[in-house]
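All values reported here derive from a predicted model rather than from experimental measurement. Numbers restart at 1 for each chain; the letters A, B, ... are given by sequence-line order, proteins then strands.
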Amino acid sequence: MNTEALKDLLFRLADDDLVIGHRNSEWTGIGPVLEEDIAFASMAQDCVGHAQSYYTLIHELGEADPDRLAFHRSEKDFRSCHLVEQPIGDYAFSLIRHFLYDLAKQVRLEALTQSSYAPLAQLADRIRREHKYARMHATTWVRQLAAGSDEARLRLQSALNEAYPMALGLFESTDFTETLAAEGVQPAESVLQSRWQQLLEQTLAGTGLSLPGDFDAAAYMGGRKGYHSEHLGPMLAEMTEVYALDPEAVW
Amino acid sequence: MYGSLSIIEVDNWGRKVHEEDPQKLAEFEARIERGEKIEPQDWMPFEYRRQLIRMIEQHAHSEIIGALPEGTWITRAPGFKRKLALMAKVQDEVGHAQLLYSAAETLGKPREQMINDLINGKSKYSNVFNYPAVTWADTAVIAWLIDAGAIINQVANAKGSYGPYGRALDRICAEESFHLRYGYDTCVHLATGTPKQRQMLQEALNRWWTPIMHFHGPPDKTSVHTETLMKWQVKMASNDAMRQQFLDMYVPKIWELGLTIPDPNLRKNTETGLWEYTEPDWDEFMRVINGDGPCNAERLAVRRYAEEKGRWVRQALIRPTERYVTPLA
């Protein structure tokens, strides 16, 4: 099995979950209702925990330990997509991002449970069980708010118009996409993307919300190759502020 | 996390105790005397209801405001272990606010109204959260020693006479004890770490000692209106008694870590068994509680921002024809 290809995939999985988990944790204390502060904090813990598990698999392939991979790696080595890097924005943006991201995560996890790389298949199966609740949270809130008031539906629609093109960066191909598919590690990104698209359309049916038709996603590509939005750098600087005081210290 | 604010009388509306039906009042006090719990549908004096709403509401506010100084360090926590633990801890604090607002709602005041009173400055919250958490070590000191102080207060109040508050506090105390262990573990790592880490911790302790000494409220001799509240088992322990208990339990542990407490007069009197200390600046306490602390404006501004930004979400969830809380009796 091609170890470089495997690591490429694992870094994408780990970095996306770490960065969105970090972003979602920023809602703790400032959510629109207390119940949402709590829910976002919960999902943040899940995502950061999943990232830690993926970094552990990378560590087992000979790289540094999870703390060092997350807290002591340069921005250009990150493989996160632009969607997860964006600031939390208003609640509509964070909810829609969570919705788009977690439906994509579901599609990917389902595929990964069949992966030819056994440690990843086992991990995906474990994460999938936990992840079910994040998906339920996203669909419940999107449906309820879309039906709650005209203002809420308009806010969600404009967040969808903004976030959907960014979300396409989740499925950006890399130099290893074909190798990973050929070796049965994970289906091609284009295959996952069309499953996601179908799931999105099914879920949004009857909500009055629709996916935007006219957009240009090119500006949001590049994350998988180390070209990030302007938001990742400052986020990493903040995240590593204490750790960087002394990376050898035990905190 | 919550200390004691028993000196604060926000207002004085409604029926006075001497205006209550004397027979009902006697039965009510006899129930409390027998150790029975008072439940939401039971008869209670107006003053009991008013004081409980004030107290539970202040406690709930303290939890959500308390999430702010620590919350700013979630995004900076060093390493997975600390990052995950701090996320869980601050989430717990918000969960406590949710539990407490629900307990206060059983007395007839809706959550939205309580939060409005908070952001308008009408109701108070624990003074300690008006101080900044300057470094990572401050969050460690808060999680250990402020939560330790809160546990002493909450364990006492959990035995109080109002059923819903007591049950909420039982659950809260169970979670707070994890916070304390997390805080202690973080402090131990700093205290036994590099010279830089030790210095961070000592400086944080220096900054937090006055707020810690303020935490259980002013000395008993200056506190007002506590006699009836003690008889009704609303307030379960005096401020000085709780402060003594805190010093007894935690000063030895602080010393054990090789830290210096910034009070040269702090010692246990072997004859009386009581701790002697320099009185913290109570004028500062009053100044901060009345709005003039280092972070009061910032804390309320963040809360106000959250309320305003989230209004459309709450409005989309609430049906205007539905009544969510029973009005005040």
ask   = Are a donor atom and an acceptor atom from the side chains of B:E112 and B:N116 found within less than 3.5 Å of each other?
value = no

inquiry  = If I measure from the heavy atoms of chain A, does B:T75 come under 4.5 Å with its side chain, its backbone, both, or neither?
reply    = both

task = Could you have a look at B:Q98, B:K81, B:R303 and say which one has the most heavy-atom pairs with chain A under 4.5 angstrom?
result = B:Q98

query = Using a distance-only test with no angle check, is there a side-chain donor-acceptor pair under 3.5 angstrom linking A:H131 and A:D102?
reply = yes

query = At their closest point, which heavy atom of B:S123 faces which heavy atom of B:H61, and how far apart are they?
reply = OG-NE2, 3.0 Å

task = Under 4.5 Å heavy-atom distance to chain A, tell me which part of B:Y101 shows up: side chain, backbone, both or neither.
result = side chain

ask   = Does any heavy atom of chain B fall under 4.5 Å from the side chain of A:A92, the backbone, both, or neither of them?
value = both

inquiry  = Less than 3.5 Å apart, any donor N or O on the side chain of A:Y55 or A:D67 sitting next to an acceptor on the other?
reply    = no

ask   = Considering only heavy atoms, which portion of A:R23 lies under 4.5 Å from any heavy atom of chain B: side chain, backbone, both, or neither?
value = neither

task = Tell me, for B:A77 versus chain A, whether the close heavy atoms (under 4.5 Å) come from the side chain, the backbone, both or neither.
result = backbone

message = Report which part of A:S42 has an atom under 4.5 Å of a heavy atom belonging to chain B: side chain, backbone, both, or neither.
response = both

inquiry  = Can you confirm whether the side chains of B:D92 and B:H179 place a donor and an acceptor under 3.5 Å from each other?
reply    = yes

ask   = For B:Q91, is it the side chain, the backbone, both or neither that has a heavy atom under 4.5 Å from a heavy atom of chain A?
value = both

Structural part of B:R311 lying under 4.5 Å from a heavy atom of chain A = neither

inquiry  = Is A:E238 in contact with chain B via its backbone, its side chain, both, or neither, using a 4.5 Å heavy-atom distance?
reply    = both

request  = Look at the aromatic rings of A:W27 and A:F40 and report parallel, tilted or perpendicular, splitting at 30° and 60°.
outcome  = tilted

inquiry  = I need the residue from B:V302, B:V94, B:L68, B:T194 with the largest number of non-hydrogen atom pairs under 4.5 Å to chain A.
reply    = B:V94

inquiry  = Check this for me, if you would: do A:D125 and A:R128 make a salt bridge, where the nitrogen-to-carboxylate-oxygen distance has to be below 4.0 angstrom?
reply    = yes

Distance-only side-chain donor-acceptor flag, A:H82 / A:Q86, under 3.5 Å = no

query = Which bit of B:R82 comes within less than 4.5 Å of chain A, counting heavy atoms only: side chain, backbone, both or neither?
reply = side chain

task = With a 4.5 angstrom heavy-atom cut-off, could you sort out which part of A:L18 is near chain B: side chain, backbone, both or neither?
result = side chain

